[in-house]
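What's counted below: heavy atoms across the whole structure, side chains too, no hydrogens, waters or symmetry copies. Residue numbers start from 1 in every chain, and the chains themselves are labelled A, B, ... in the order their sequence lines are given, proteins ahead of strands.
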Protein chains: 2
Amino acid sequence: MSSIRDVAERAGVAVSTVSAALNGTRPVAADTRRRIKRAAADLGYRPSLLARGLQSKRTHILALLYPAPRSGFGVTEMQFATGAAEAARELGYHLLLSPEHADPVEELRHLTGLGLVDGVLLMEVGLDDERTEFLMEAGIPFSMIGRTRDPSSIDHADIDFAATARQAVAHVAGLGHRKLAFFNLAADAYAAEYGPAIRAGAEFAEAARAAGIGYVDDFRPGSAEEGRQAFDRLVAAHPDVTALAVMDDHAAAGVIAGVAARGWRIPEDLTLLLALSSAAVAEMFHPRLTTLEPPSAELGGLGARMLIDRLEDDGPPRHRLLPCRLVIGDSSAPPRRHRGRPSPPHGVRP
Amino acid sequence: MSSIRDVAERAGVAVSTVSAALNGTRPVAADTRRRIKRAAADLGYRPSLLARGLQSKRTHILALLYPAPRSGFGVTEMQFATGAAEAARELGYHLLLSPEHADPVEELRHLTGLGLVDGVLLMEVGLDDERTEFLMEAGIPFSMIGRTRDPSSIDHADIDFAATARQAVAHVAGLGHRKLAFFNLAADAYAAEYGPAIRAGAEFAEAARAAGIGYVDDFRPGSAEEGRQAFDRLVAAHPDVTALAVMDDHAAAGVIAGVAARGWRIPEDLTLLLALSSAAVAEMFHPRLTTLEPPSAELGGLGARMLIDRLEDDGPPRHRLLPCRLVIGDSSAPPRRHRGRPSPPHGVRP
DNA sequence: CTGAAAGCGCTAACAA
DNA sequence: TTGTTAGCGCTTTCAG
């Protein structure tokens with residue numbers, strides 16, 4: 001690899017002039033600059049990020065911290081990552097994929113101590129996330145995909161749960177449903193502190209209240225089997241529920257099985273929504289489920305851009321909330337009075 | 001951040017001694033070393049990767065090149081990435097996530113020119129991959145997850161398609177099936193050059209031949225709708241097929257719909273295998289599909305380890321092939337003579 | 001407008 | 001066994 005000195009020699013100038021010409025850090029005569037650019041191009045010169053970083057204390061590397069894959073398919077996580085990497089690339093930054101383990105804070109300390117990264121992108125943020133405290137104390141720039149309980153002072157991009165819930169409720173209410181059930185994520189230690197579970201639950205309740213339709217949310221199935229059981233209990237306890245939104249993919253599969261076992265059909269006997277899951281997942285179901293698809297790649301990109309913004313010029317906290325996309329599938333329809341009876345054919349069934 | 005000089009001063013030695021003590025690059029008196037380690041610990045000293053890299057030409061950073069997410073869910077890709085990141089971390093390396101676009105070679109040239117990465121990890125390798133040529137010419141260490149047409153001289157980790165196919169065929173033959181069909185990935189421009197599509201197709205054929213069972217593979221559905229159509233055509237053309245392996249997740253969903261539309265059931269009337277897809281995906285189906293799950297995280301880890309091995313000490317090309325895991329679900333059963341007739345209940349249906 | 005020189009934090013000769 | 005010194009490739013004063 002040729003260095004800045006090679007370029008300087010070839011152009012017959014001093015290295016500092018090359019640096020200036022290439023970075024625009026000080027005025028350089030147009031003619032000189034041209035010579036330098038030519039020389040650089042001829043040599044295929046690429047400034048060394050290491051040397052530059054060593055001097056300038058800016059590496060143009062961001063770290064994306066991701067926890068061990070846990071729930072769901074990891075599609076969402078992948079999209080965060082690719083969205084962030086993409087945005088970083090466009091702005092001349094690089095993204096380091098940093099797995100987290102037992103002691104996230106210690107690992108974060110290690111990682112940032114290396115002086116390798118300019119800032120950190122947090123995902124899977126808990127309501128009270130210890131990583132944010134460390135980063136703030138250490139004065140390390142960071143942004144979150146998701147948010148803590150009180151994120152007002154921290155840059156973040158997250159789902160707009162309120163708008164998402166309103167949209168979903170409007171959809172089912174518009175179809176004529178009068179009572180909606182909501183199956184939240186399983187109530188394990190994790191989901192108890194997991195923002196999306198908390199916020200989605202609260203906002204669906206609020207949206208249903210505002211829309212004046214009935215609402216039930218006592219269930220938190222975390223698997224197909226639990227989804228099926230929850231569905232059976234739901235029908236027993238609330239026979240008047242005609243629409244159901246489910247957070248967990250596997251639970252949704254269980255609900256579908258439960259509907260079929262009853263001899264019911266979707267959407268005739270139940271309108272089923274998949275909440276906060278990818279449309280690619282929803283397409284695997286039969287019928288294709290109506291989905292509230294989180295804008296994961298966009299959120300990842302926003303998170304990265306916010307972080308870079310902050311690195312390049314400080315300012316007030318940046319916040320962005322994006323609603324999920326409502327992708328209407330074949331699992332939404334007006335409710336029927338009597339279930340399990342024959343109905344006019346729906347979809348392309350022969 | 002404290003630097004090596006701070007440590008040297010605190011320990012009352014020269015910086016080179018600190019370096020030596022910490023890296024073991026030359027003998028240091030036990031007592032001196034202890035003092036140095038203490039000083040380093042007291043100051044929370046972390047050597048700067050940048051400075052070290054600048055000097056040693058080794059950054060301990062690996063780049064994982066990934067193409068824009070295309071087929072499937074991206075679960076597999078995510079697992080490659082996390083597996084690789086994990087392995088890298090364990091060996092003291094970092095993983096850079098590098099999105100690829102229109103001109104992969106040019107981007108690779110750019111990335112490697114920065115002097116930021118020690119080596120490159122390639123995934124989604126085509127049978128004739130131009131990136132490999134560039135990397136070999138440029139003398140940049142790399143390894144592949146997947147393989148080119150002739151990968152004998154390149155480090156790589158890939159699925160053992162032959163063993164995988166044999167295992168799958170043994171499974172269905174063991175159940176008593178006499179004729180197997182195989183739905184490959186869609187024949188678009190991409191899959192035509194995509195190793196897994198080519199190799200899986202060839203190896204299933206070979207395994208079926210070796211096992212002496214019938215085999216059909218004229219179909220390449222790429223969506224649920226195409227999967228359903230392909231299934232209908234399959235039944236029309238080869239009514240004696242009782243077992244089917246499908247590569248594409250969405251096509252599998254279509255097959256399931258087609259089976260249901262006929263009034264048939266899985267596994268009574270058709271044994272269905274999901275080939276090269278994640279078990280997490282298979283669990284979403286009803287019934288839970290038998291799956292040939294690629295060891296994606298392991299492959300990612302192997303790829304990273306191979307690359308690091310090569311960086312740390314050169315040697316003959318390293319190759320590793322890993323078979324898929326056969327995860328038996330509820331979609332495998334012995335064939336029946338007459339389809340669509342009532343059958344003893346299967347599974348937990350009431 | 002341009003050049004010389006210092007130094008970012010580290011490693012690796014070379015001396016002592 | 002340890003210290004001194006010269007860079008790695010770049011940015012950034014400070015002179016000219």
Inset, instruction - Determine yes or no for a side-chain-to-main-chain donor-acceptor pair under 3.5 angstrom, with A/Asp118 supplying the side chain and A/His60 the backbone. - result: yes
Legend entry - Whole-Å distance separating the CG atom of A/Asp6 from the P atom of D/dC10: 9 Å
Inset, instruction - Give the rounded distance in Å between these two atoms: CD of A/Glu9 and C1' of C/dA4. - result: 15 Å
Legend entry - Polar side-chain contact B/Gln55-C/dG9 base: donor and acceptor under 3.5 Å: no
Inset, instruction - Using atom CG of B/Leu50 as one end and atom P of D/dC10 as the other, report the distance to the nearest whole Å. - result: 14 Å
Legend entry - A/Glu86 and B/His101: side chain donor to acceptor below 3.5 Å: yes
Legend entry - B/Thr32 vs D/dT2: side-chain N/O to OP1/OP2 distance below 4.0 Å: yes
Legend entry - Length of the CZ-C1' vector between B/Arg35 and D/dT2, whole Å: 11 Å
Legend entry - Side-chain donor-acceptor contact under 3.5 Å, B/Asn23 with B/Thr25: no
Legend entry - Quiz item: B/Arg26 side-chain donor-acceptor pair to D/dG3 base, under 3.5 Å: yes
Legend entry - Charged N-O contact under 4.0 Å between B/Arg305 and B/Glu312: no
Legend entry - A/Ser16, nearest nucleotide to its side chain (from C/dC10, C/dA5, D/dC8): C/dA5
Inset, instruction - Give the nucleotide from the list D/dG3, D/dT12, D/dC10 with an atom nearest to the side chain of B/Val13. - result: D/dG3
Inset, instruction - Could you state the atom-to-atom distance from CG of A/Leu22 to C1' of D/dG9 in whole Å? - result: 13 Å
Legend entry - Sugar-phosphate only, base, or nothing, as touched by A/Ser48 at under 4.0 Å among non-hydrogen atoms: sugar-phosphate
Legend entry - Side-chain N or O of A/Lys57 closer than 4.0 Å to phosphate OP1/OP2 of C/dG9: yes
Legend entry - Pairwise 5' ranking along DNA chain C for A/Ser56 and A/Ala30, keeping only the more 5' one: A/Ala30
Inset, instruction - Calculate the interatomic distance between A/His60 atom NE2 and D/dG9 atom P; express it in whole Å. - result: 20 Å
Inset, instruction - Grab the CZ-C1' distance between B/Arg34 and D/dT1 for me, whole Å please. - result: 15 Å
Inset, instruction - Consider the side chain of A/Ala51, meaning its heavy atoms from C-beta on, and name the nucleotide among C/dC8, D/dC10, C/dT11 that approaches it most closely. - result: D/dC10
Inset, instruction - Look at all strands and tell whether A/Pro47 reaches a base, only sugar-phosphate, or nothing, counting heavy atoms closer than 4.0 Å. - result: sugar-phosphate
Inset, instruction - Choose from D/dG3, D/dT12, C/dT2 the nucleotide whose nearest atom is closest to any side-chain atom of A/Ser19. - result: D/dT12
Inset, instruction - Please determine if B/Arg10 and B/Asp6 form a salt bridge, counting it only when a charged side-chain N lies under 4.0 Å from a carboxylate O. - result: no
Legend entry - Residue B/Leu54, side-chain heavy atoms: nucleotide from C/dA12, C/dC8, D/dG9 that is nearest: D/dG9
Legend entry - Shortest side-chain distance from B/Ile4, nucleotide among C/dG3, D/dG3, C/dG9: C/dG9
Legend entry - Gap between atoms CZ and C1', on B/Arg58 and C/dC10 respectively (whole Å): 15 Å
Legend entry - From C/dT11, C/dG3, D/dG3, nucleotide with atom closest to B/Thr17 side chain: D/dG3
Inset, instruction - Taking only Lys NZ, Arg NE, NH1 and NH2, and the carboxylate oxygens of Asp or Glu, determine whether A/Arg310 and A/Asp314 approach each other closer than 4.0 Å. - result: yes
